Structure formats: C-alpha cells, structure tokens
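Beneath this line is the structure, given in structure tokens, with notes to follow.
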2 protein chains.
Amino acid sequence: MNTDGDLKKEKLLGKSFIFDALDDQARQELANFSYVKRYAAGDKIFTMGEPGQSMMAIAEGTVRVTMFTPSDREVTLNDLQAGDVFGEIAMLDGQERSANVKALTNCTLVVLERRALLDVLQRNPILSVRLIELLCQRVRRSDERMIEIAFLDLPARLAKLLLRLTVAPPASEEKPLAKLSQSQSELASMIGNTRENVNRCLRKWQKAELINLQDGWLIIRDRDRLEALAHGE
Amino acid sequence: MNTDGDLKKEKLLGKSFIFDALDDQARQELANFSYVKRYAAGDKIFTMGEPGQSMMAIAEGTVRVTMFTPSDREVTLNDLQAGDVFGEIAMLDGQERSANVKALTNCTLVVLERRALLDVLQRNPILSVRLIELLCQRVRRSDERMIEIAFLDLPARLAKLLLRLTVAPPASEEKPLAKLSQSQSELASMIGNTRENVNRCLRKWQKAELINLQDGWLIIRDRDRLEALAHGE
DNA sequence: CAACGCTAGTGACAACAATCACACGTTCTG
DNA sequence: CAGAACGTGTGATTGTTGTCACTAGCGTTG
C-alpha cells in the first residue's frame, strides 16, 4: 500500500528471471500494478477451467500444479518454488486456466493482472522478449515431457523423476541432493502411475543397490546408473 | 530479389496469422529480410539437434514434423499445411531444433532468420504480442496432447486423431471431411502405437458401423459416437 | 510374368501395468 | 490407549499393448 510495500514487491518480482531484465522504472511500474497475496498450506489458488486474468510469482513457499485425468485421477505436473512463476499462459491469452494450483506450504505470491502486464508490456519490449523466452522454455519442457510419458516405461520415468527432484535449485549450492522424502504415492502421481508399481520398482532398485529406502527417506546411492536407466537402459 | 519477389513474399507471409496484424511497412521490412526456399517431396528440411537460427512459414505444400523415440521409432507429431509456421521455438531462443521436419510434398517456404526477426521485433511490439499468442497456443496444445497420451487408451487416442484429421482447415468451407487416405501405419505413428493395434481397433469400429474401410479409404460414418469415444467412453 | 515393396488383416505369446486385496507398521488423535 | 489414517510391502488376477510370425492383395518395375 505504501512505499515500503512497493519496495518489497519490487524485490519479490526481481526474483523471477522474467523481470530481472527490467530497469528500475519498469519494475516500479509493475510493482504498482501488482499486489501480494498470501495462502495457507492446503489452500486452492486456482482451478482448471476458471477464467484466468492474472499470473503469480512465488515469493515464498511451494505450490503444486495438478490436473485431473479423464478417469478422474489427480496427477502432479510440477512443484514450484520461490522464484518460479505460474499461470502465465492463461494470463497472456486470457483463456481458461489449464491446471489446478494449490499451496503446499504457506505461500506469499505476487499477483499481476493481465491488464497491468499488457500495459507495461507495451512500453517495455524487453519484457516481451523475456516472456517469449519463458514460453519457449515451457514449450520445450512440455514436448520433452510428452515424449517421456509416451515412450519411456515406468523405470525410466521414475529414474528421471528422482533425478529431477534431486537437482539442486539454481539458487542454492551445486551438489545434487541425495535424499528425498516424497511418499511413494506422490511419486506415482508425478509419473502417472500407481503406488504399487512405484513400490515394486523401488524395491528392485534397492536390491540392486541403486537406492536406499530407510525410515521414510529415499537415498540415492548410484546416480550414474539411474541416469543410464533414465535414458532407456 | 526485386519488387516483384518481395511482393510475393509479403503475400506469403501474410498467410500466417502471426504476421497479418502487421502494418504494410513492417511486413515490407520482414519481406526484405526473408527469403523463399523450395523443397522437393521427401527432402529433409531440418533435423533434431541442429542449431536453429530460422523459422519457416509454409506458402505451399505439406510438411511433416517427426521425432525419434528413445527406442528409435519415428513418430509423427504433426502435419502442417500452407499458412502454418514451424521452427519458431528454436529460432526464438536460439537453441537446438527439437524435432525433424521433412517435406511431404513439394514445398515453398518463406524463411525468416533470427537476427532479422529480432530486429523487426524491436520496432513492432504488435509482433511480439502475436508471437506470445502463438506460443501460448503451442503450450496449451502440447499440454493437452501430453495428457491425452498419458491417460487415454488407444481407442480414445485414435478417435481423437481421426476427428482432428477430418476437421476442415480454417481456410476452407465448414463441413468436416468424411474420408481420409492415411495408411494405418501412418495413423499408428501419429498416436505412438503399432499398426497392428490400430488395425484391430479400426476393424472393431467397422463392425460397429462407426467407420467404413474401403479400398484404402477410411470413411467416418458416425462422428458423434467417435466423439464419445474420444472423451474416454 | 516374376520379384519386390507396401498395405492390410490376424493369431499367438510375452511383458507390463491396473486393480483389488490384504498385512504390517507408524503416527496422529480423540 | 484404542482406533483411525497413512504409508508401505506383496500376491493374485486381469486386461492391454508390443512383438513376432505369417498370409494375402495390389501395384510397380525390371
């Protein structure tokens, strides 16, 4: 509401690579047009099919992007962290939201309305370039994921998932994590498969000493062989 | 090379909805920077992994976009017609081409280099908006396709494909086509499945009087029931 | 016309995954 | 502390799909 709040929003927006190329004035403009919204863990942020007129940048917390399959199973498409943005597509083309997003932890989001962004867009060609880059990235990721889902078997997809979940976020230090705490059901929902099959696969890998399963943790022991599995044997 | 050639390119570029919002001057600029290239049926236009520095708009002909799966099977992602553009992604972000494209018929393409477009982009904010729209569309289509592949069974995907192949192109009249001539192997490669299974499925549909198979043609008899199948029973 | 290539049709079998069913432990909670 | 809720480990069954094998028709071409 005041200068202090705006400063904070500017900083939060700066965390997203989309906006870090803007000059101070443009960032200030964006901050003026945007607002901060908080969600508690478990809250729905938006739902598939709703008209979407805004995008969100995550300042704090984690959100989960999901969809329901035709057979009504919920699958997790992605978990997003601070610095990530979501809802861009619906905002940019003014169409329906194409997924569900809910807060996994308490979250602080910076919300940007369609009208506001279009406005700033007009005066800042650099911002369009950033958006175009973002979208290209999205297209590439989607296409890749599509091929994976269509043509890799469960072990390969699961291996890919484990690797993806354990790369260090760009912000932090370099070394990949070795432990994860996701439940097997969660893993299953992320690769569009069942808990049972994920379990059987993980067991096999434990026997083969690729991973360790200990009191709820999954520990990666042989990253290289997982990489090999991820590329179809 | 001369005014005549440029006029032609302008017209060809105008066929793509991306460029039809430009004013004459901008279109003229683009025409100056672009060039026409012809390919014979069967020619490779570009290959996955190559560095990509240009995009193409189809003026005449049909091209096929394919990929190789990890297990080395070639799948058809899409067939594109006059007015469609391809190669945008690699051009826009300067990364590798993410698919193979080959000419299905003799083709006339208008090629636009990355540098040229970036140049025009700077002076024509409207063009960025168009590109952003195009990319949004791409993202939505990819995501949709991903879900389809992951969670619909063969009959549903095949039904979807048949419906997609028989909607009239936006340019032509309204009524959906009823006949197609794609071979069953082609259909299989478009839905990431085998010819044998496509065949079995089509046979069943013929018995159920959903379609007719006659001397190489596939004739749709009951579009409504196909629509039903396409949405998971 | 014989040989070849391409498309279509179909049966047999194996591999994989979905589903159901159940047992076991932990942790949370009334 | 009892019981619910959840995560985990596994077996049995069933259905779908991929692979292989073989047959057959049709058109091109040498």
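Every chain is numbered from 1, with letters handed out A, B, ... down the list of sequences. On a predicted model such as this, the values are computed, not experimentally measured, just so you know.
For the pair A:T194 and C:dA18, the criterion of a side-chain N or O lying under 4.0 Å from OP1 or OP2 is met. Phosphate contact (OP1/OP2 of D:dG9, side-chain N/O of A:Q184, threshold under 4.0 Å): present.
D:dG7 atom C1' lies 14 Å from atom CD of A:Q182, rounded to whole Å. For the pair B:R73 CZ and D:dT19 P, the computed distance is 6 Å after rounding to whole Å. Atom pair A:R195:CZ and C:dA21:P shows a separation of 14 Å (rounding to whole Å applied). Taking atom CZ of A:F151 as the reference point, atom P of D:dT19 lies 11 Å away to the nearest angstrom. Whole-Å rounding puts the B:D215 CG to C:dT7 P distance at 16 Å. The distance between atom CD of B:E196 and atom P of D:dT23, rounded to the nearest whole Å, is 16 Å. Protein atom CG of B:L187 is 15 Å distant from nucleotide atom C1' of C:dG9, rounded to whole Å. Taking atom NZ of B:K204 as the reference point, atom C1' of D:dT16 lies 10 Å away to the nearest angstrom.
Of the possible polar contacts, none joining the B:R114 side chain to the B:S54 backbone as a donor-acceptor pair under 3.5 Å is found. Using a distance-only test at 3.5 Å, with no hydrogens or angles considered, a donor-acceptor pair links the side chain of A:T105 to the main chain of A:T62.
Considering only the side chain of A:R200, D:dT10 comes nearest among D:dT10, C:dA17, C:dA8. Here the nucleotide nearest the side chain of A:N199, chosen from C:dA17, D:dT17, D:dT10, is D:dT10. The B:S183 side chain lies nearest to C:dA8 when the options are D:dG9, C:dA18, C:dA8. The side chain of A:P155 sits closest to C:dA17 out of C:dA8, D:dT17, C:dA17. Comparing C:dA17, D:dT17, C:dG9 against the side chain of A:L154 picks out C:dA17 as the nearest.
Among all heavy-atom pairs drawn from A:N106 and A:A40, the shortest one is OD1-CA, 3.3 Å. When every heavy atom of B:L152 is checked against every heavy atom of B:R157, the shortest pair comes out as O-NE, 3.4 Å.
The distance from the SG atom of B:C201 to the CD atom of B:Q184 is 10.5 Å, given to the nearest 0.5 Å.
When the nearest nucleotides of DNA chain D are assigned to A:K207 and B:N197 by heavy-atom distance, the more 5′-ward of the two goes with A:K207.
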